[in-house]
Amino acid sequence: MNEKEKTESQYYLVGFFGILILFSGLYWRLNQQQESLSQELTNDHSKVYAQESETFLDRVRYLSNRDGVVDIAVLGSSVTRGMGATLEKPVWGKRLEQELSQREGIRTTVWNQGFNGFSTTDLMVQGKIQETIELNPDIILFELCLINNNRFPQNDLSHTKEELIAIMNRFREELPETLVVLTTANPTIYNEVYLDDGVLTYQQYNEEIAAFVRNQEWPFIDIFTLMNEKIQALDFDIEDFLDDAVHPNGDGYQMWFELIDERLNTPLSEL
């Protein structure tokens with residue numbers, strides 16, 4: 001290699017390292033700015049949380065601004081999976097994803113963890129709680145599977161309560177920063193019917209579990225009661241919102257979503 005080639009090679013090396021230093025500095029500065037913004041968002045959110053005024057939408061906006069996207073898991077039975085839903089009026093979890101993603105500054109991904117015919121026992125025994133945990137969601141909407149806990153055979157109330165405590169303890173231990181909101185499911189034609197070997201009707205079962213969940217002070221939306229009240233206020237029959245005896249049709253899922261949507265700006269402590 002002659003002197004000219006050596007000089008040119010040295011220039012290239014100096015230029016390369018100069019560019020590398022420049023980009024390293026820019027990366028460091030951007031990283032510092034991002035950390036500063038993240039800390040500012042965290043401080044602002046912590047104030048809202050400490051005042052017990054945080055809403056579902058507050059949490060979604062905070063996480064979307066901090067991380068770029070919010071991962072939400074909807075967990076439950078076939079009425080979370082979407083049996084009876086339509087393309088025009090999909091299951092409530094999908095409608096929630098669509099609605100949130102239309103709001104400025106929010107990006108969401110909703111993972112559907114609904115399983116046909118599952119009770120809370122099935123969720124635990126068949127590994128669906130662990131599967132949901134491994135998704136590492138920012139938010140979980142947990143439909144309590146009471147349609148199935150109430151029948152074939154009816155789970156003892158004390159057993160259901162023990163399972164709910166066990167599930168919530170696992171979420172707290174393995175997903176300590178995840179917001180978990182519990183919800184009952186839709187009313188059915190069996191609201192006031194004693195099923196085979198059952199000691200409670202579906203309505204009584206819901207009322208007992210709703211009181212228990214509220215006593216635990218878990219964030220909770222009582223879809224069963226809210227849908228019943230709305231259907232009665234509209235002077236419709238429950239069958240108008242069902243695809244069969246149990247599962248909502250498109251209108252039923254739309255109503256379910258609307259009841260959640262109405263509470264997105266309600267403090268979690270007041271749901």
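Along the sequence shown, residues are numbered consecutively beginning with 1.
Side-chain atoms of Asp237 do not come within 3.5 Å of backbone N or O of Glu239 as any donor-acceptor pair. No donor-acceptor distance shorter than 3.5 angstrom exists from the side chain of Thr108 to the backbone of Val70, with no hydrogens or angles considered. Listed for the Asn249 side chain is a donor-acceptor partner under 3.5 Å among the backbone atoms of Asp240. Between the Ser64 side chain and the Arg107 main chain, a donor and an acceptor come within less than 3.5 Å of each other. Between the Arg61 side chain and the Ile106 main chain, no donor and acceptor come within less than 3.5 Å of each other.
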Check against side chain to side chain contact (heavy atoms under 4.5 Å, CB included), Asp67 and Val69: CA-CA 6 Å; Asp67 301 332; Val69 64; 5.5 Å; no
Chi angles and distances behind the side chain to side chain contact (heavy atoms under 4.5 Å, CB included) call for Val181, Arg59: CA-CA 12 Å; Val181 178; Arg59 181 68 67 98; over 6 Å; no
Derivation and outcome, side chain to side chain contact (heavy atoms under 4.5 Å, CB included), residues Thr120 and Leu164: CA-CA 8 Å; Thr120 48; Leu164 293 179; 4.0 Å; yes
Test log, rule side chain to side chain donor-acceptor pair (under 3.5 Å), inputs Glu52 and Ser269: CA-CA 7 Å; Glu52 295 189 351; Ser269 58; 4.8 Å; no
Trace of the side chain to side chain contact (heavy atoms under 4.5 Å, CB included) decision for Thr160 with Leu144: CA-CA 9 Å; Thr160 294; Leu144 300 175; over 6 Å; no
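Of the N and O atoms on the side chains of Glu143 and Thr80, at least one donor lies less than 3.5 Å from an acceptor on the other residue.
Between Lys128 and Asp122 there is no salt bridge, since none of the side-chain N atoms of the basic residue sits less than 4.0 Å from a carboxylate O of the acidic one.
Looking only at side-chain heavy atoms (C-beta outward), Val246 and Arg151 come within less than 4.5 Å of each other. Annotation: side chain of Tyr194 is not in contact with side chain of Gln154 (no heavy-atom distance under 4.5 Å). Contact of the Asn186 side chain with the Ile238 side chain is not registered, since no non-hydrogen atoms from C-beta on lie closer than 4.5 Å.
Partners of Thr225 by side-chain hydrogen bond (donor to acceptor under 3.5 Å, both in side chains), not counting sequence neighbours, listed by chain and number: Asp222. In this structure Asn265 satisfies the side-chain hydrogen bond (donor to acceptor under 3.5 Å, both in side chains) test with no other residue, sequence neighbours excluded. Looking at residues two or more places apart in sequence or on another chain, you find a side chain to side chain contact (heavy atoms under 4.5 Å, CB included) between Val125 and Thr121. With sequence neighbours left out, the side chain to side chain contact (heavy atoms under 4.5 Å, CB included) criterion links Thr266 to Arg263, Glu270, Leu271. Considering only residues two or more places apart in sequence or on other chains, Ser78 meets the side-chain hydrogen bond (donor to acceptor under 3.5 Å, both in side chains) condition with His247. The side chain to side chain contact (heavy atoms under 4.5 Å, CB included) test applied to Val193 returns Tyr190, Leu195, not counting sequence neighbours. Considering only residues two or more places apart in sequence or on other chains, Asn136 meets the side-chain hydrogen bond (donor to acceptor under 3.5 Å, both in side chains) condition with none of them. Here Glu174 pairs with Gln130, Ile133, Arg170 under the side chain to side chain contact (heavy atoms under 4.5 Å, CB included) rule; sequence neighbours left out.
Interatomic distance, CD of Gln204 versus CG of Asn191, reported as 11.0 Å (0.5 Å rounding). Of the inter-residue distances, the one linking Asp71 atom CG with Leu135 atom CG reads 8.5 Å to the nearest 0.5 angstrom. Taking CZ of Phe241 as the start and CG of Leu234 as the end, the distance is 6.0 Å to the nearest 0.5 Å. Taking CG of Asn149 as the start and CG of Leu123 as the end, the distance is 8.5 Å to the nearest 0.5 Å. Atoms OG1 and CG, on Thr178 and Asp138 in that order, are 6.5 Å from each other to the nearest 0.5 Å. Once rounded to the nearest 0.5 Å, the distance linking CG of Asp58 with CG of Leu63 reads 10.5 Å.
Taking the six-membered ring where tryptophan is involved, the planes of Tyr253 and Trp256 are essentially parallel, since the angle between them stays under 30° and well short of 60°.
In plain terms, the two heavy atoms of Asn148 and Gly117 that are nearest each other are ND2-C, 3.4 Å. For Leu242 against Pro187, the heavy-atom pair with the smallest separation is CD2-O, 3.7 Å.
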For a quick test of your reading: what N or O donor-acceptor pairs under 3.5 Å do the side chains of residues 206-220 make, sequence neighbours left out?
unit_1: Asn206; atom_1: ND2; unit_2: Tyr202; atom_2: O; d: 2.9
unit_1: Glu207; atom_1: OE2; unit_2: Gln203; atom_2: NE2; d: 3.2
unit_1: Gln216; atom_1: NE2; unit_2: Phe212; atom_2: O; d: 3.4

Enumerate donor-acceptor pairs with a distance under 3.5 Å from any side-chain N or O in residues 90-100 to protein atoms, sequence neighbours excluded.
unit_1: Trp92; atom_1: NE1; unit_2: Val79; atom_2: O; d: 3.1
unit_1: Lys94; atom_1: NZ; unit_2: Glu97; atom_2: OE1; d: 3.0
unit_1: Arg95; atom_1: NE; unit_2: Gln254; atom_2: OE1; d: 3.1
unit_1: Arg95; atom_1: NH1; unit_2: Gln98; atom_2: OE1; d: 3.4
unit_1: Glu97; atom_1: OE2; unit_2: Val110; atom_2: N; d: 3.1
unit_1: Glu99; atom_1: OE2; unit_2: Arg103; atom_2: NE; d: 3.2
unit_1: Glu99; atom_1: OE2; unit_2: Arg103; atom_2: NH2; d: 3.2

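The only member of Ile140, Val74, Leu75 that meets side-chain contact (heavy atoms from CB on, under 4.5 Å) when paired with Gln113 is Leu75.
The hydrophobic cluster containing Phe152, built from Ile/Leu/Val/Met/Phe/Trp/Tyr side-chain heavy atoms closer than 4.5 Å, comprises no other residue. Counting side-chain heavy-atom gaps under 4.5 Å among Ile, Leu, Val, Met, Phe, Trp and Tyr, Met83 is found in no cluster with other residues.
For Asn169, the CG atom sits in a packed shell: over 12 heavy atoms of surrounding residues, nucleotides or ligands are nearer than 6.0 Å.
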